[in-house]
Each structure stands twice: as structure tokens, then as C-alpha cells.
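So the structure is just underneath, and the comments pick up after that.
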Amino acid sequence: QAKAGGRNGWRRYEPGMGDRAAARRVMERDLRRALGAGGLALHYQPIFRVRGGALVGFEALLRWRLPDGRTVPPAEFIPLAEEIGLMPEVGAWVLKEACATAAGWPAHLTVAVNVSPTQLRSAAFLAGVETALAGSGLPASRLELEITETAILENRETARDLLGRLRALGTMLALDDFGTGYSSLSFVHSFPLTRIKIDRSFVRELSETPQSTAIVRAVVGLARGLGIAVTAEGVETEAQRRLLAEEADLDIQGFLTGRPMAAEHLGAFLDAPGGRAAAA
Ligand code: C2E
Ligand code: MG
Ligand code: MG
Ligand code: MG
């Protein structure tokens, strides 16, 4: 598998290329092919309870694998996929793949899937979620959809209704990258969210500025008041982990406790006690 058709074009994605429009067309063609030919893959990053270090689940993160073995990060091709109208199809593939993989994990583990603004706008999105759940047998409660504030704001009229329907289906709903947008505290409680993910820009400053600790504390307090969960993203240092553990028994995700890994490494990771010990 995974011979996504690239015969010659790959080098042309690199910067410094003469004809940007032509390079874009090549990339567009190759992305369409990759979608149909096993060229996309999901990597999974583990998420742990900060106190005690129990593994709680994984976030699925999209990768585009080039035939030469390199991978293109999502920030470099998702905008293109959005632009050329390929995102509903890519998103449907991600949902199916993530649910199918998660269905093979121990039953207490969840999978988080990122949802883009155009997906949220698509009339077919809800049905796509239902199809992915039904096809995999994964209980809806083990699927968490990660949505950004921007995506909600861009679809304000439909978002509340759609999010309500997704909750009714039983899926969890996380607000991703919290703190990077307009995020007012009232925003959070006007949508049926089950989790806030604190953006890594705040986590990075923990232990450096007292303000960032205050922000984390405020978010944790808000979440507790609303009865929803909190994840801190981008935890890279032991000092950050310790400060978070002092605040609350929230969930942590970051390079300190585990990098995103290819699906083929999950089996060994889940079998190894190191999966849990890493965060304990
Ligand atoms: P995100 O949802 O906020 O995902 C977390 C990103 O932070 C991931 O980057 C992850 O690899 C990275 N990360 C995790 N821990 C650390 C850390 O300790 N330090 C640092 N510096 N980074 C860390 P990635 O995989 O490149 O994804 C970037 C963004 O692309 C994601 O941000 C998400 O917005 C988007 N994305 C990824 N997969 C999908 C997908 O399947 N669908 C959609 N619509 N968007 C996706
Ligand atoms: Mg995310
Ligand atoms: Mg995030
Ligand atoms: Mg992000």
C-alpha cells in the first residue's frame, strides 16, 4: 500500500520553488491521490491523568506520508484540503480510521478526533460520525470531538444545534486550543462542551510567569463549576507537570509523557507498563 502515486513531484513542495501555482497544483493532485491510496495516516498521542499517571486515551493526529518516507504535518496540508473542498472527505476518513482503531483498545480508553471548521459546516458531518461509530462498534462515549472556538464562531447559528445533536448521540465535545481565540468564560458555558483543552502557549509559560498559573487556575475553577474535564496540552517539562498536578487532577498531553506515535506502535505501547509509568 501507500504508493500514493508520486513519481516525480515530491521535491516541488519544498520552499524556493520557482512556480508556486504549479507546485500547488502538484500538491493538490498528490493529496487527492494520497486520500484514495493509503497515503494518509493517523498518529496517536497518549493522554494521562496528571495525578497517578493513568492512561486515559489518545488524540488522533493526521499525517500525510510521502512515498519517500517523509511525513507532511497537518498544518501544511489541511489548509489546502480545506481550500480545494477535500476536507469533508479527509475528515470522514479520519473519523472512520480513528474509531476503528480505538475499538481495539481497552474499553476505558477514549479517542479524540479534531474537527475542522468546514467539517462542522457540512450537512454530512453528523451522519459521518454515526457511520464511523456504527461501522466500528465504538461506543459514542469513547469518541471525543475536538472543536476550536473559531470553528464554533464561524458556524454560530448551526453550531449549537449540531453540538447538541452530537451530545445526544453520546459523543464527548472538547474545546481545543482554549485561550488562543476570544475565549470568554461565558462562551464555554453557552455550548454543551464536556472538556476544555488549555492551549500549549499557556502551559509553556507555567513556571515562568505567575500569570499563566493564574490562568490555568481560573480555567480549572470554571471547568469544575461547569462539571467538565480539563486537559493541559503541550506539557514538555517535569516542572510543568508538577505545577499542573498541584492545581488539580486534570489530564495532560505532551512530549514529556508521550509523542504522537504511528498506529503500528500502539500495541506494544499498550502492552508495556511503560505506557503508564511514563507519566506516574
Ligand atoms: P492540536 O489539535 O492542538 O494538536 C496538538 C498538536 O500539538 C499536535 O501537532 C501535537 O503533535 C503537538 N504537540 C503535542 N504535544 C506537544 C508538546 O509537548 N510540545 C509541542 N511543541 N507540540 C506538541 P500536529 O500533529 O502537528 O497537529 C497540529 C494541528 O493540526 C492540530 O492541533 C489540529 O488542529 C490539526 N489537526 C491534526 N490532525 C487533524 C485532523 O485529523 N483533522 C483536523 N481537522 N485537524 C487536525
Ligand atoms: Mg486537538
Ligand atoms: Mg490543541
Ligand atoms: Mg491546535
Side-chain angles (χ1 to χ4, degrees), residues 31 34-35 39-48 50 57-65 70-83 85-102 110-122 125 128-129 132 143-152 154-155 172-181 183 193-207 219 229-241 244 251-263 278-279:
L31 181 57
L35 177 59
L40 297 183
L42 293 179
H43 284 196
Y44 296 87
Q45 185 175 29
I47 301 166
F48 299 92
V50 70
F58 296 87
E59 178 174 1
L61 294 160
L62 185 59
R63 302 290 182 260
W64 175 8
R65 294 182 301 196
R70 286 182 302 151
T71 53
V72 184
E76 283 171 33
F77 69 90
I78 288 180
L80 174 67
E82 299 267 14
E83 234 180 284
L86 208 57
M87 206 51 210
E89 216 180 316
V90 170
W93 178 84
V94 168
L95 272 166
K96 264 194 193 167
E97 178 72 15
C99 289
T101 300
T110 58
V111 66
V113 173
N114 292 284
V115 177
S116 74
T118 51
Q119 277 178 278
L120 210 60
R121 210 172 297 139
S122 153
F125 179 67
V129 172
L143 174 64
E144 183 167 77
L145 300 169
E146 294 197 358
I147 299 158
T148 60
E149 187 185 10
T150 314
I152 294 178
E154 281 177 12
N155 304 282
M172 302 294 151
L173 298 174
L175 186 61
D176 204 355
D177 305 338
F178 184 79
T180 57
S183 315
L193 303 164
T194 55
R195 178 181 298 273
I196 296 171
K197 297 192 78 170
I198 302 175
D199 190 70
R200 69 167 182 267
S201 54
F202 296 102
V203 174
R204 192 189 305 130
E205 299 200 338
L206 277 174
S207 81
V219 173
V230 176
T231 302
E233 295 192 281
V235 179
E236 294 183 350
T237 70
E238 184 49 37
Q240 292 162 352
R241 193 195 66 79
L244 290 164
D251 295 330
I252 55 170
Q253 175 181 355
F255 293 166
L256 177 70
T257 48
R259 292 190 173 253
M261 62 191 119

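Both counts, for ligands and for their atoms, begin at 1 and track the order of listing.
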What's the spacing between E149 CD and D176 CG if we round to 0.5 Å?
11.0 Å
So how far is it from T231 OG1 to R195 CZ, rounded to the nearest 0.5 Å?
3.5 Å
Report yes or no: does a heavy atom of A75 sit under 4.0 Å from some atom of ligand 1?
no
Please identify which atoms of ligand 1 are closer than 4.0 Å to at least one heavy atom of S116.
44 (N)
Determine whether any heavy atom of R204 lies closer than 4.0 Å to an atom of ligand 1.
no
Looking at CZ of F58 and NE2 of H43, how far apart are the two atoms once the value is rounded to the nearest 0.5 Å?
13.0 Å
Working for side chain to side chain contact (heavy atoms under 4.5 Å, CB included), residues I147 and L193:
CA-CA 10 Å; I147 299 158; L193 303 164; 5.9 Å; no
Steps toward side chain to side chain contact (heavy atoms under 4.5 Å, CB included) verdict (I78, N114):
CA-CA 11 Å; I78 288 180; N114 292 284; over 6 Å; no
Within reach of ligand 1, part of D176 (heavy-atom separation under 4.0 Å)
side chain
Is it true that, when you exclude E82 itself, more than 12 heavy atoms of the residues, nucleotides or ligands shown sit nearer than 6.0 Å to its CD?
yes
What verdict does the side chain to side chain contact (heavy atoms under 4.5 Å, CB included) test give for Q119 and M87, after you've listed the backbone C-alpha separation in whole Å, the side-chain angles of each residue and the deciding distance to 0.1 Å?
CA-CA 7 Å; Q119 277 178 278; M87 206 51 210; 4.2 Å; yes
Hey, is the Mg ion (ligand 2) within less than 2.8 Å of some N/O/S atom on D177?
no
Any T257 side-chain heavy atom under 4.5 Å of P46 side chain:
no
Counting from 1, what ligand 1 atoms have a heavy atom of L61 closer than 4.0 Å?
4 (O), 8 (C), 10 (C), 11 (O), 25 (O), 37 (C), 38 (N)
Begin with the C-alpha distance, continue with both residues' side-chain angles, and end with the deciding distance and a verdict on side chain to side chain contact (heavy atoms under 4.5 Å, CB included) for L35 and E89.
CA-CA 8 Å; L35 177 59; E89 216 180 316; 3.4 Å; yes
Atoms of ligand 1 close to G254 [distance to a heavy atom under 4.0 angstrom, numbered from 1]:
15 (N), 18 (O)
With a heavy-atom distance limit of 4.0 Å, tell me whether E233 approaches ligand 1 through its side chain, its backbone, both, or neither.
side chain
What distance separates W64 CH2 from T71 OG1, expressed to the nearest 0.5 Å?
11.5 Å
Does any N, O or S atom of D176, backbone or side chain, fall under 2.8 Å from the Mg ion (ligand 3)?
yes
When you compare ligand 1 with Q45, is there at least one nitrogen or oxygen pair between them that comes in under 3.5 angstrom?
yes
Look at the side chain of T101 and the backbone N and O of E97, then say whether any donor-acceptor pair between them is shorter than 3.5 Å.
yes
Heavy-atom contacts under 4.0 Å between L256 and ligand 1: side chain, backbone, both, or neither?
neither
E146 N/O/S atom closer than 2.8 Å to the Mg ion (ligand 2):
yes
Does ligand 1 have any atom sitting under 4.0 Å from a heavy atom of Q119?
yes
Which atom name would you report as the N, O or S atom of E59 nearest the Mg ion (ligand 2)?
OE2
Please classify the V94 to ligand 1 contact at 4.0 Å (heavy-atom distances, strictly less than): side chain, backbone, both or neither.
side chain
Using a strict 4.0 Å cut-off to heavy atoms of P260, name the atoms of ligand 1 that fall inside it.
11 (O)
The one among L40, I78, L62, L42 that brings a heavy atom closest to atom 46 (C) of ligand 1:
I78
Which of the atoms of ligand 1 are close to E236, meaning less than 4.0 Å from one of its heavy atoms?
17 (C), 18 (O), 19 (N), 20 (C), 21 (N)
Please confirm whether the backbone N or O of P73 pairs with a side-chain atom of E76, one donor and one acceptor, at under 3.5 Å?
no
Would you say I152 and L175 make side-chain contact, with heavy atoms under 4.5 Å?
yes
Report the part of D177 (side chain from C-beta onward, or backbone N, CA, C, O) that has a heavy atom under 4.0 Å from ligand 1; answer both or neither where that applies.
side chain
If you measure from atom 30 (O) of ligand 1 to every heavy atom of P74, G234, A174, A81, which option wins on shortest distance?
P74
Quick note on ligand 1: atoms under 4.0 Å from a heavy atom of M87 include exactly 44 (N)
Assess H43 for proximity to ligand 1: is some non-hydrogen atom of it under 4.0 Å away?
no
Rounded to the nearest 0.5 Å, what's the gap from CZ on R241 to CG on L206? Could you check?
13.0 Å
For ligand 1, does R259 get within less than 4.0 Å through its side chain, its backbone, both, or neither, judged by non-hydrogen atoms?
neither
